[in-house]
S.K.: 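Right, I'll just put the structure down here and ask away after.
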Amino acid sequence: MTIRIPFDNSYARLPDRFYARLEPKPIAAPRLVRLNTALAGQLGIDPEELASPDGVAMLAGNAVPPGAEPIAQAYAGHQFGHFVPQLGDGRACLLGEVTGRDGIRRDIQLKGSGTTPFSRAGDGRAALGPVLREYLISEAMAALGVPTTRTLAAVTTGEPVWRETRLPGAVLTRVATSHIRVGTFQYFAARGDTEAVRLLADHAIARHYPEAAGADNPYRAFLDAIIGAQAGLVARWLLIGFIHGVMNTDNCAVSGETIDYGPCAFMDEYDPATVFSSIDRGGRYAYGNQPRIAQWNLARLAETLLPLLGVDEVSAMAAAQESLAAFAPIFQTAYLSGLRRKIGLAAEREGDDALTQGFLALLAAGKVDFTLAFRALPGAIEDAAALRPLFADGEAFDAWAGRWRSRLAEEPGGPGTASAVMRAANPAFIPRNHLVEAALAAATEQSDFAPFEALLGVLSRPYQDDPALAAFARGPLEQERVLQTFCGT
Ligand code: AMP
Ligand code: MG
């Protein structure tokens, strides 16, 4: 079955120095282990074609479909604060772009598709575990309503990859509104290539922030739009307990989508200092540091745009600083309004911030599960005692619950509305580390994909209670606790 995808590849029309043209490297024995048929439909691609031998050959990197123009994109990046002037797609290959049923243009990219001119010492490949991990978590994020890259498919290669041990190899098909990173801007700025920075900004404006094109200074409006998108994104991460784990500037997309699911994790019990990533020894990317780091990354972006921001250096610097100063208030507003909804408040009153912070302080003090506590909160509208056992300090909880219930009484919609507000803001199901690890272990060690499928199904409806799925909602038992996650690259 011929695969018909109406590719239109705007990035490949940018100058040669933006990428390397290449073919994905074929694999021995492709097997489609998961296809995201709903996403294929959104993209206007026939899932049956994708599942056919020609489709699988494309998803494996064994055949380049008509209209694709495969490239590896050039980018740089600050990794844990240290600048690397050339990173680039070392194991990814952008096949091309398609405009979906929703009119949105998206990249279709293979990840794990072999070496590229940017591979450095790497093998260009991906292991099945991290591929399934990205599949699960990116799709969970999408269902949770968080802007994110998506996963269209996972294919096993029939070839081993060598990390610390021999692992089964796989290729992931990633879908993103673009793969333009802060690090892409840094790549050109580091080379003094202002013309390329301008071309890239124009390209990104057209794709992501077309309204900026009409502003007095389109590049300033572009920077402001990215700052707004990133501030909103990180607020959403915090509101669901997500820790990205590697917020390097090359993993920070100007679209405002979450990108690069490596050692990311959801926290169980609430503690702002939580770190899972084995490589984040200093806690740079800890849960509670994420807003600060996003702002730092945006400052690196602003630096690359300086030549476009003002008529001279002084005015450009002033503009950049003014734009960056807006990050904190935008983040705070988004975060606090999200927190208010998490405790059932649709209206805004003075003292609400202290009330939400009071609840977080109780969670931190009692090492209470973040997701469970918020999901259980509607039950405390009628009967606060229902929640009391979760907290080490019952009296402190009673005092808070008293304040909270009197505040709820002021809500125009009454308790019914508050309950609905909370249920829409507080997921019942998140990709718990212990469930993710168990699903990946079954798939990679026993070729048993049933736990992966079951988890993926549950995570596609994160706000729908189902008593039959209690095992997916609860926190880890002591022996199930996952203390570290690995990027596996
Ligand atoms: P990441 O940790 O996935 O954000 O990747 C950081 C950089 O390392 C990017 O330039 C990747 O393309 C590159 N990279 C990661 N894994 C591999 C690999 N197995 N082979 C080649 N390059 C890789
Ligand atoms: Mg990356």
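Atoms within a ligand are numbered from 1 in the order they appear, just like the ligands themselves.
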S.K.: Is there any salt bridge (charged side-chain N to carboxylate O under 4.0 Å, His left out) pair reaching into residues 264-280, and which pairs are they, with sequence neighbours excluded?
M.R.: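 Applying salt bridge (charged side-chain N to carboxylate O under 4.0 Å, His left out) to every pair that reaches into residues 264-280, excluding sequence neighbours, yields Asp268-Arg432, Glu269-Arg481.
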
S.K.: Take the Mg ion (ligand 2) and tell me which protein N, O or S atoms are nearer than 2.8 Å.
M.R.: Asn251 OD1, Asp260 OD2

S.K.: Hey, does the Lys NZ or Arg CZ of Arg191 hover above the aromatic six-ring of Tyr187, less than 6.0 Å from the centre and inside 45° of the axis?
M.R.: yes

S.K.: Out of Arg163, Gln73, Glu134, Arg91, whose heavy atom is nearest to atom 14 (N) of ligand 1?
M.R.: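 The residue whose heavy atom sits nearest atom 14 (N) of ligand 1 is Arg91.
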
S.K.: Taking heavy atoms and a distance under 4.0 Å, where does Arg125 meet ligand 1: side chain, backbone, both or neither?
M.R.: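 Backbone only; the side chain of Arg125 stays clear of ligand 1.
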
S.K.: For ligand 1, which atoms, with element, lie under 4.0 Å from some heavy atom of Gly124?
M.R.: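 Atoms satisfying the 4.0 Å criterion: 18 (C), 19 (N), 20 (N), 21 (C).
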
S.K.: List every atom of ligand 1 that sits less than 4.0 Å from any heavy atom of Tyr75, numbering the atoms from 1 in the order shown and giving each element.
M.R.: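 What qualifies from ligand 1 is 9 (C), 10 (O), 12 (O).
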
S.K.: Is the shortest heavy-atom distance from the side chain of Ile243 to the side chain of Phe266 under 4.5 Å?
M.R.: no

S.K.: Would Lys111 count as a contact residue for ligand 1, given that I'm defining contact as a non-hydrogen atom of the residue lying under 4.0 Å from a ligand atom?
M.R.: no

S.K.: Would you say Glu164 has more than 12 foreign heavy atoms packed within less than 6.0 Å of its CD?
M.R.: no

S.K.: Is it true that the side chains of Thr151 and Glu134 contain a donor and an acceptor less than 3.5 Å apart?
M.R.: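 Judged by distance alone, the side chains do not pair up.
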
S.K.: Check whether any N or O atom of Gly122, backbone or side chain, sits under 3.5 Å from an N or O atom of ligand 1, and answer yes or no.
M.R.: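 In fact, backbone or side chain, Gly122 has no N or O that close.
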
S.K.: Taking both backbone and side-chain atoms of Asp89, is any N or O found less than 3.5 Å from an N or O belonging to ligand 1?
M.R.: no

S.K.: For atom CZ of Arg166, decide whether the heavy atoms of other residues, nucleotides or ligands shown that lie under 6.0 angstrom number more than 12.
M.R.: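 Open.
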
S.K.: Taking only distance into account, with no hydrogens and no angle test, what donor-acceptor pairs under 3.5 Å do side-chain atoms of residues 299-310 form with protein atoms, sequence neighbours excluded?
M.R.:
unit_1, atom_1, unit_2, atom_2, d
Arg300, NE, Glu303, OE1, 3.1
Arg300, NE, Glu303, OE2, 3.3
Arg300, NH1, Trp296, O, 3.4
Arg300, NH2, Glu303, OE2, 2.6
Thr304, OG1, Leu301, O, 2.6

S.K.: Would you indicate whether Arg4, at its atom CZ, is surrounded by more than 12 heavy atoms from other residues, nucleotides or ligands within a distance under 6.0 Å?
M.R.: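 Counting neighbours around CZ of Arg4, 12 or fewer heavy atoms of other residues, nucleotides or ligands fall under 6.0 Å, so no.
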
S.K.: Under the salt bridge (charged side-chain N to carboxylate O under 4.0 Å, His left out) definition, can you give me all pairs with a residue in residues 31-41, not counting sequence neighbours?
M.R.: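 Output for this query lists Arg34-Glu453.
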
S.K.: Ligand 1 and Gln79, any nitrogen or oxygen pair closer than 3.5 angstrom?
M.R.: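 N/O-N/O distance under 3.5 Å: no.
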
S.K.: More than 12 heavy atoms of other residues, nucleotides or ligands under 6.0 Å from CD of Glu211: yes or no?
M.R.: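 Yes, the 6.0 Å shell around CD holds more than 12 heavy atoms from other groups.
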
S.K.: So if I count the atoms of ligand 1 from 1 in the order they appear, which ones are less than 4.0 Å from some heavy atom of Asn251?
M.R.: 4 (O)

S.K.: Does any donor atom in the side chain of Tyr261 or Asn251 lie under 3.5 Å from an acceptor atom in the other side chain?
M.R.: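 Tyr261 vs Asn251: no donor-acceptor pair found between side chains.
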
S.K.: Tell me whether Gly88 has any N or O atom under 3.5 angstrom from an N or O of ligand 1.
M.R.: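 Right, the criterion is met.
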
